[in-house]
Amino acid sequence: MSSVLPGSATLASAQPWWAPLAHVLTSWRSVRWYELAGFTALGLLYGAVDLSGLADVKHLEQPWLLFWRLLLSPPICTLVLLLAWLPADRSDPGHPQRNQRLLIAAVLGSVIAVPLLWGVTELAHWPTWQDLCQEPKCKIKLTLLQRFSADFLSMLLPSALSIALIEMLRRRWRSEAMLQSLLGEQAALSRQAMAARLAAMQAQVEPHFLFDVLVDVQQHYALGQGEAAADQLERLIHHLRVALPRLREQNVTTLDAEAALLGSYLGLRSSLERRPVQFDDALPPTLRSAILPAMLLLPLLQRALRLCPGALPERIALTAWRNVSALGIRLTVSTPGLCGDDADLAAQRERLQVLAGDQACLRCEADEHSTRFTLELPS
């Protein structure tokens, strides 16, 4: 038996003492050039605002010393603030204490910047406002704590406002990125739903149509037409051999396979309705292996045959071409007036754009002799 000492799990899950230091060093190494440039520009902006105080100073022997102090002091403070801000910013964006961490970063940056700025001012011999002020109240000597408190508060306020502004912008960017991610997931789910509907379309090999074919075979045998029954049964077997393997396809097929499916389906329909239909497969040999979403052409053909008044059309042709930006496919039915804007055609357009992209389109054009269904799929 193994025993677990009380508190051992807590000790095992506790971070080592140097983990916070490692996080600080890692966050400093992760600084990006635009973050460094942004904090530097922010400091120069504050310095430019402070330069307006030069107008109140007169008869200064070395004005450039005050100029450099006013211009460069804020960038020094903002760079210190950057070092304090990086560990807080690189922490978990969703942590419930993130705001407190950012506030601590602003306080810590201001605390460190005050003595650092004092040292730089002393080494560079920069004058202070107390040195330049001629009024009696400026000659009152401040204690170290009073001086530190005044400089600390003058740095903390712009530091906190700057960090708050940066955090607001970063949260907005994260929200926009999350929104784009959700939109991408929604599009992916839409494609999956359309693929599921496509699988259902592939699986339903028109049971009533197959039943009619089997009834026709039975009638041929009942009338003693064994040869006709055998021919019809052979056409049915051929159609099933072409259609059933599509159930294992991953929603894509080749143009040649689509043409074979149309040919086998038309062979069954023409023999069932006792009317010959000429199917012209005019696909170029170079395009027969072209990849496209499955079940784009057969639903169009089935819809056209349902809308044909009376008998089947005499001729159906399939052609294709490719240009620089798209693959074009045209299904021509020798019956006019089949372009009605019905739900089936709208569903085909929607499914085409989901599976092939927003640039894909389906057009239906009709004249007095025929109806043409044209699909354009982006390359």
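Just so you know, these numbers come straight off a predicted model, no measurement behind them.
The shortest heavy-atom contact between P313 and S334 is CB-OG, 3.7 Å. Here the shortest heavy-atom pairing between Y221 and A229 reads CE1-CB, 3.5 Å. The two residues L362 and R349 make their nearest non-hydrogen contact at O-NE, 2.9 Å. Here the closest heavy-atom approach between residue S162 and residue Y46 is recorded as OG-OH, 2.9 Å. The two residues Q348 and L296 make their nearest non-hydrogen contact at OE1-O, 3.9 Å. Pairing each heavy atom of L377 with each of A360, the nearest pair is CD2-CB, 4.3 Å.
Panel note: side chain S271, backbone G267; a donor-acceptor pair is recorded below 3.5 Å. Side chain of S73 to backbone of L70: no donor-acceptor contact under 3.5 angstrom is found. In this structure, R235 contributes its side chain and L268 its backbone to no donor-acceptor pair below 3.5 Å. Checked by atom type and distance alone, the side chain of R274 pairs as donor or acceptor with a backbone atom of L272 at under 3.5 Å. Without hydrogens or angle criteria, D280 side chain to A282 main chain gives no donor-acceptor distance under 3.5 Å. Under a 3.5 Å cut-off, the side chain of T371 and the backbone N or O of T335 do form a donor-acceptor pair. Between the R275 side chain and the L312 main chain, a donor and an acceptor come within less than 3.5 Å of each other. Not a single donor-acceptor pair under 3.5 Å links the side chain of H220 to the backbone N or O of A230.
The hydrophobic cluster containing I237 also contains L214, counting ILVMFWY residues as joined when their side-chain heavy atoms lie under 4.5 angstrom apart, directly or transitively. A chain of hydrophobic side-chain contacts below 4.5 Å, direct or via other Ile, Leu, Val, Met, Phe, Trp or Tyr residues, connects F148 to L153. Residues L157 and V111 are members of separate hydrophobic clusters, defined by side-chain heavy-atom contacts under 4.5 angstrom among Ile, Leu, Val, Met, Phe, Trp and Tyr. Linking ILVMFWY side-chain heavy atoms closer than 4.5 Å, directly or via other members, places F152 and W118 in a single hydrophobic cluster. Hydrophobic cluster membership differs between L42 and V107, with clusters built from Ile, Leu, Val, Met, Phe, Trp and Tyr side chains linked at under 4.5 angstrom.
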Between L179 and S175, is a side chain to side chain contact (heavy atoms under 4.5 Å, CB included) present by the stated rule, with each step listed?
CA-CA 6 Å; L179 177 60; S175 298; over 6 Å; no
Go through D367 and R372 one step at a time and tell me if the side chain to side chain contact (heavy atoms under 4.5 Å, CB included) criterion holds.
CA-CA 9 Å; D367 54 28; R372 297 178 300 277; 3.0 Å; yes
Run F373 and L297 through side chain to side chain contact (heavy atoms under 4.5 Å, CB included) and show every step you take.
CA-CA 9 Å; F373 299 95; L297 299 178; over 6 Å; no
Apply side chain to side chain contact (heavy atoms under 4.5 Å, CB included) to L338 and V333, showing your working.
CA-CA 9 Å; L338 303 179; V333 182; 4.0 Å; yes
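Open room surrounds CD on E314; 12 or fewer heavy atoms of other groups in view lie less than 6.0 Å from it. With a 6.0 Å radius and a threshold of 12 heavy atoms from other residues, nucleotides or ligands, Q218 has its CD atom at or below the threshold. In this structure, Q225 places its CD atom where more than 12 heavy-atom neighbours from other residues, nucleotides or ligands lie under 6.0 Å away. When the shell of 6.0 Å around CZ of R174 is examined, it contains more than 12 heavy atoms from other residues, nucleotides or ligands. Other residues, nucleotides and ligands contribute over 12 non-hydrogen atoms within 6.0 Å of the CD atom of E176. Other residues, nucleotides and ligands contribute at most 12 non-hydrogen atoms within 6.0 Å of the CH2 atom of W68.
Annotation for L83: hydrophobic cluster partners, listed by chain and number, are L21, V24, L25, W28, V31, L36, F39, L79, L81, L82, W85, L86, L102, I163, I166 (ILVMFWY side-chain heavy atoms under 4.5 Å, direct or chained). Other cluster members for L45: none, since no ILVMFWY side-chain heavy atom sits under 4.5 Å from it.
Applying the salt bridge (Lys or Arg N to Asp or Glu O under 4.0 Å) test to every pair with at least one member in residues 90-108, sequence neighbours left out, gives these pairs: E35-R90, D89-R98, R98-E167.
Within the 4.5 Å cutoff, no side-chain heavy atoms of L165 are placed close to those of L161. By the 4.5 Å heavy-atom criterion applied to side chains, T319 and T332 are not counted as neighbours. Looking only at side-chain heavy atoms (C-beta outward), F279 and L318 come within less than 4.5 Å of each other. Between I329 and L292, some side-chain heavy-atom pair lies under the 4.5 Å cut-off. By the 4.5 Å heavy-atom criterion applied to side chains, P336 and E368 are not counted as neighbours.
Note: R171 CZ to L169 CG = 11.5 Å, rounded to the nearest 0.5 Å. Taken to the nearest 0.5 Å, the CG atom of L305 stands 11.0 Å off from the CG atom of L300. The CZ atom of R322 sits 5.0 Å away from atom CG of L327, with the distance rounded to the nearest 0.5 Å. Rounded to the nearest 0.5 angstrom, L331 CG and C364 SG are separated by 10.0 Å. The structure places OG1 of T254 at 11.5 Å from CG of L287, a figure rounded to the nearest 0.5 Å. A distance of 12.5 Å separates CG in L262 from CZ in R269, rounded to the nearest 0.5 Å.
Taking the six-membered ring for Trp and thresholds of 30 and 60 degrees, H239 and Y265 have ring planes inclined between 30 and 60 degrees apart.
A donor and an acceptor atom, one from each side chain of T253 and E258, are nowhere located under 3.5 Å apart. Looking at R330 and T374, their side chains do bring a donor and an acceptor atom within 3.5 Å of each other.
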